[in-house]
2 protein chains.
Amino acid sequence: MFPAMSEEPTTKDRLIFAATRLFRQRGYDGTGLAEVLAEAGVPKGSLYHHFPDGKADLACAAADWTASEIIRVIDDAFAGAPDWRHGATTYCHKMAKLFDILNSADACPIFGLLFEGPDQNKFRAHAEAAFNRIIAGAARHGEAFGMSVEAAHEAAETLMIGFQGSWTLARMRRNATTLRSLPNRLYGAIAR
Amino acid sequence: MFPAMSEEPTTKDRLIFAATRLFRQRGYDGTGLAEVLAEAGVPKGSLYHHFPDGKADLACAAADWTASEIIRVIDDAFAGAPDWRHGATTYCHKMAKLFDILNSADACPIFGLLFEGPDQNKFRAHAEAAFNRIIAGAARHGEAFGMSVEAAHEAAETLMIGFQGSWTLARMRRNATTLRSLPNRLYGAIAR
DNA sequence: AGAAGACTAGACCGATTGGTCTAGTCCTGC
DNA sequence: GCAGGACTAGACCAATCGGTCTAGTCTTCT
């Protein structure tokens, strides 16, 4: 969830990274373009050059980028896991660690970036496609464990549903316990 | 979640109802005071008279009111239920119906009103207290079914975690299926 | 070198924002 | 009736909002 610093990011990427971070912290409507520009160190003309529809385009790009990052976290978490539960547990622990790094102040990275944004069909379609990518990315691992397509999809969805609720509660409580205990919450029961 | 119309609401209540509805639909930052005032049919001076800290006070009042309403829904849902699962299922069905009534556009009433608002400790404390009231209100029913204090609390929290994630997904998908299937999601496994 | 397009820079703009404040009207109690 | 407080009403304000636009600089290709 942090940009790789091995290469100088392009202007466009700098805008996306800054927007992602600020939208997550402040929400879409609570973030002004001036803040994004200041953090990215980019002038306004550049923003409209790269994102002709302005703030709304930025939200679409932030959602896309977030989904790609989450899929990376999911893939890392499930790599080498012997079964779904282990992968999901690692995912939750990784996200709990991210939560701690973010100092407990940020909205859930998935839902904060994909469920809040401009009131436009374009964004909505983007966000939905991004979310479906995440679900598909997670379900793929379920299938690799031998789950049926349906069961894998269901498991992925359940994980994401629980993840959001848990992150939100962790945020309120200022600690990541609900994230770390999510697997037990979900699979202390689902496991079969 | 709709004001009782048996009595003419006070100016203050009109503001709270309007704010609650608009904050749920647009988010706190996405709602301007002018909109709230227009919907409530109240002049600005009145707002500052009743809510000296302005918009932030309104958010606190909206959160409190929302919690009270949700607790009412919970109590209704669990009234007469033979066990936790039945009560929780009825709660989910009631909320799914509310979702349909709201035309799928509103943020989760609990989390949208309690987790988004002014970046202030006062609001945060209010919201956290409100949420804890909801959890306690639900846990009470668990205890009435013979659950230990801890298990009842855990069950209430799990329900709310799942509820938020499900509502959010229902909102994206424009249908309440995830809300209606939440009990099976949670208790097709937890049930013991 | 020159042309064209990509990209940066920041001034400008009308609209909206939430809060402040003055001037009333209404209500209650003496 | 009068005084004081509760409450309504809306004008005013500085700041911010996101978008537009002009004027450059940089890059690439011929």
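No experiment lies behind these values; they were computed from the predicted model shown. Proteins come first, then strands; the chains are lettered A, B, ... in the order of their sequence lines, and each starts at number 1.
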Side-chain touch B/Ile110/B/Gln164, heavy atoms, less than 4.5 angstrom: no
Is the distance from OP1 or OP2 of D/dC7 to the nearest side-chain N or O of B/Thr11 less than 4.0 Å? no
Rounded to whole Å, the CG-P distance (B/Asp119 to C/dG18) equals 15 Å
Here the distance between atom P of C/dT20 and atom CG of B/Leu37, to the nearest Å, is 15 Å
Could B/Arg72 and B/Glu69 be called an ion pair, given the rule that one side-chain N must be under 4.0 Å from one carboxylate O?
yes
With A/His141 as partner, the option from A/Tyr91, A/Trp84, A/Phe78 fulfilling ring-ring contact (aromatic ring centres under 6.0 Å, His included) is A/Phe78
note: A/His49, atom NE2; C/dA6, atom C1'; distance rounded to Å ~ 5 Å
Here the distance between atom C1' of C/dG18 and atom CZ of B/Phe51, to the nearest Å, is 15 Å
Test: B/Arg185 and A/Glu154 ion pair at under 4.0 Å: yes
So CG of A/Asn132 and CZ of B/Arg173: to nearest 0.5 Å the spacing works out to 6.0 Å
Whether each nucleotide of nucleotides 18-28 of chain D has a protein heavy atom under 4.0 Å at its base (B), only at its sugar-phosphate (S) or at neither (-) is summarised, 5' to 3', as BBB--------
- Query: Could A/Asp119 and A/Arg124 be called an ion pair, given the rule that one side-chain N must be under 4.0 Å from one carboxylate O?
  - Reply: yes
When rounded to whole Å, the NE2 to P distance for the pair B/His50 and D/dG5 reads 18 Å
Here the distance between atom P of C/dG18 and atom CG of B/Asp57, to the nearest Å, is 14 Å
Whole-Å distance, B/Leu22 CG to C/dT17 P, equals 12 Å
Separation of C/dG18 atom P from B/Phe123 atom CZ, nearest Å, is 15 Å
